[in-house]
Amino acid sequence: MSVRVRFAPSPTGFLHIGGLRTALYNYLFARHHKGTFVLRIEDTDQSRYVSDAEQDIIESLEWAGIQIDEGPHKPSSFGPYRQSERKERYHKFAQQLIEQDHAYYAFDTTEEIEEMRERLKKSGNPSPKYDSITRQSMKNSLTLSQDQVQEKLQQGDEYVIRLKVPRRDTVKFKDEIRGIVSFDTAGLDDQVLLKSDGMPTYHLANVVDDHTMEITHVIRGEEWLSSAPKHMLLYKAFGWEPPTMAHLPLIMSPSGGKLSKRKAETEGIPVNTKEYRFGYYEPEALINFLAFLGWNPGDDSEVHNMSSLCEKFTLDRVSKGGAVFNYKKLMWYNEYYVHHHRTIEDLLPQIQQMFSASGLKANDATFLKMVVTLLHERVSKVDEFVPMGRFFYEAPKDYNEKALKKWSDQSAVLVKSFIGRLIEIAEQEFTAVAIKHALEATVDAESVGFGKVMMPVRIALSGQSFGPDLFPAMELIGKTECLSRMQTAVGRLG
RNA sequence: UCCCAUUUAGUCUAGGUGGUUCAGGAUACCCCGCUUUCACCGGGGAGACACGGGUUCGAGUCCCGUAGUGGGAACCA
């Protein structure tokens, strides 16, 4: 049987970075086995529905290089792919469970359930729930007569359908990552399967859909491990073969706990895939980083593109413990991909667009190409080209604080001396080589080290204490502009 | 509080079937080198098997406890 996996996000907001990793693992698993990767939208909670979310999910996956084989925008025979559009199926199956005594109608109001919880808490039950014991004293089709139930249904009373969890039983199943896990049904509640608004809960919907969509492997976050026994109970009740289960370790925040939106923000970690998309991150770097957050190929290799990851990925190499999101490691990957996998040619259009967006006229393609070449190896994310390359297009408006500390008392004198040499050079001969000779002459004449002259010149030209190779940079900027900036600096800094 | 999972350096991790290539790699950090600066690059350094029992001639590796961490305990997914 061919492998079919699904990524089943809830459209309640932008695609979370943890969701992206879950999608990635599913995708890698699918591709490794030449199977199918399905996107299913779990929009059963109408109160939390966000209309742009689905589009964001699809675009984000696409940006990351995760190709969806089937989904709401790519239908096939297993559709529809939005749970809201599969409503009737859930009703039918819920009905079936009732008929087979695996589920029942419950008419209790939220107030009544709350009351029950309060009552049990007072009598010493720390975590009261609607279960095999308490259901006997509630309003449901197990305690009411058949006539009463029929009457209530007919007069349109609100109801839910609950799973009838067996009283004393042990649910055991094999998780591909964790091995055998077992749960006592005494710890489970009679999970609501069909809500009073007619929508299924996640639990019913995911079981019905995974089965009818012929999903072979359920690969999802560890937060679902606790409800997995309910799902196994459902498969059993339906008489269906459950798919293979694999619960992934969670991505943790550096300060501990699941990497939530709020936590991530306070720790400076972008949490929505969207932020990476529009933040000029390299998708391959993010993917490589995410793949290694909870998985590794078993050798000492660190860099893998998507196809290599597809080839190497297996569930038995996924680790069990939560993995802390390390932003610096991500940046290392990003830098690596910028340096090794992006050529100057491929960077040019993007850089030009960025320069233009920040008001710099980067129209000269040859000039821009030189700028990008000079900057390429010292940039770790492509948007850094702008602040680093700005001085190629305009004189610094002010001087960086750190840079100013390197402007010494003798700097002005040395820069002036250098200016004297540069003036001698003809405009058309103002080349990196010529400039270097001029500097050497200056250094000789003044009996100082290279740096004593270079640093002040750099500051004068760029306003900063670091940056690309200075001689070619000066050639690009041109004689007139260089001299003007140096004179300005001498005048302003003394 | 209950249930489940999990636990190798700051972080991500390698360590099928227990025995002087078992404590390795990467990142981060520190130092040195290269260099006009910053980075890149090259070299080096410090840093870990949660704790306690057991099984065994021998355990990071198996078993049991304890602790820490995380998840769950909804008509949310």
Side-chain angles (χ1 to χ4, degrees), chain A residues 8-12 42-45 47-48 83 106 108-110 113 121 124-130 158-162 175 177-179 181-184 186-189 191-203 205-206 220-229 247 249-250 252 254 256-258 289 292-303 316-317 319-333 335-336 339 375-380 388 402-403 406 436 439 443 449-455 457-459 462 464-471:
Chain A
S10 176
T12 53
E42 310 236 333
D43 56 349
T44 53
D45 185 353
S47 65
R48 294 204 304 157
Q83 292 185 325
D108 317 272
T109 63
T110 44
I113 292 170
K121 236 175 209 167
N125 186 338
S127 54
K129 52 190 180 302
Y130 205 120
E158 284 210 337
Y159 67 89
V160 299
I161 294 178
R162 285 181 182 270
D175 183 281
I177 294 166
R178 288 151 214 288
V181 280
S182 100
F183 293 81
D184 204 328
L188 270 34
D189 65 346
Q191 185 63 53
V192 169
L193 302 176
L194 207 68
K195 301 187 264 189
S196 57
D197 66 357
M199 280 292 199
T201 57
Y202 169 83
H203 307 284
N206 103 87
R220 74 227 302 190
E222 195 188 350
E223 72 262 33
W224 294 109
L225 188 55
S226 299
S227 38
H247 289 90
L250 262 25
M252 315 294 286
K258 170 155 86 162
F289 168 73
F292 274 65
L293 219 51
W295 173 87
N296 76 86
D299 52 31
D300 287 342
S301 61
E302 297 282 337
V303 178
D316 62 339
R317 297 211 61 87
S319 42
K320 299 179 176 77
V324 175
F325 190 105
N326 185 342
Y327 186 78
K328 283 188 172 170
K329 184 78 181 268
L330 167 65
M331 286 314 288
W332 176 78
Y333 272 115
E335 183 174 274
Y336 185 91
H339 293 179
L375 259 21
H376 186 41
E377 63 184 358
R378 55 197 81 218
V379 156
S380 55
M388 271 192 202
K402 253 186 172 170
K406 296 190 178 178
K436 190 175 183 209
L439 187 98
V443 164
F450 247 66
K452 287 274 188 260
V453 186
M454 292 299 297
M455 188 47 80
V457 171
R458 179 182 293 285
I459 295 165
S462 71
Q464 291 182 310
S465 57
F466 59 87
D469 204 357
L470 207 49
F471 302 121

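Proteins get letters first, then strands, A, B, ... in listed order; numbering begins at 1 in each. Keep in mind the model is a prediction, meaning the values are calculated, not measured.
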Side-chain N,O ([X]) to OP1/OP2 ([N]) below 4.0 Å:
X: K195(A); N: C76(B); value: yes
X: R162(A); N: C75(B); value: yes
X: S227(A); N: G72(B); value: no
X: K258(A); N: G72(B); value: yes
X: T44(A); N: A77(B); value: yes
X: R317(A); N: G15(B); value: yes
X: N296(A); N: A14(B); value: yes

Heavy atoms under 4.0 Å, any strand shown: does [X] hit a base, just sugar-phosphate, or nothing?
X: V160(A); result: base
X: D316(A); result: nothing
X: E42(A); result: sugar-phosphate
X: E158(A); result: nothing
X: S182(A); result: sugar-phosphate
X: F450(A); result: sugar-phosphate

Base G71(B) paired with S226(A) side chain (donor-acceptor, <3.5 Å): yes
Heavy-atom donor-acceptor pair, T44(A) side chain to T201(A) backbone, under 3.5 Å: no
Selection from A39(B), G71(B), A77(B) that lies nearest to any side-chain heavy atom of Y202(A): A77(B)
Identity of whatever pairs with U1(B) - Watson-Crick or G-U, under 3.5 angstrom: A73(B)
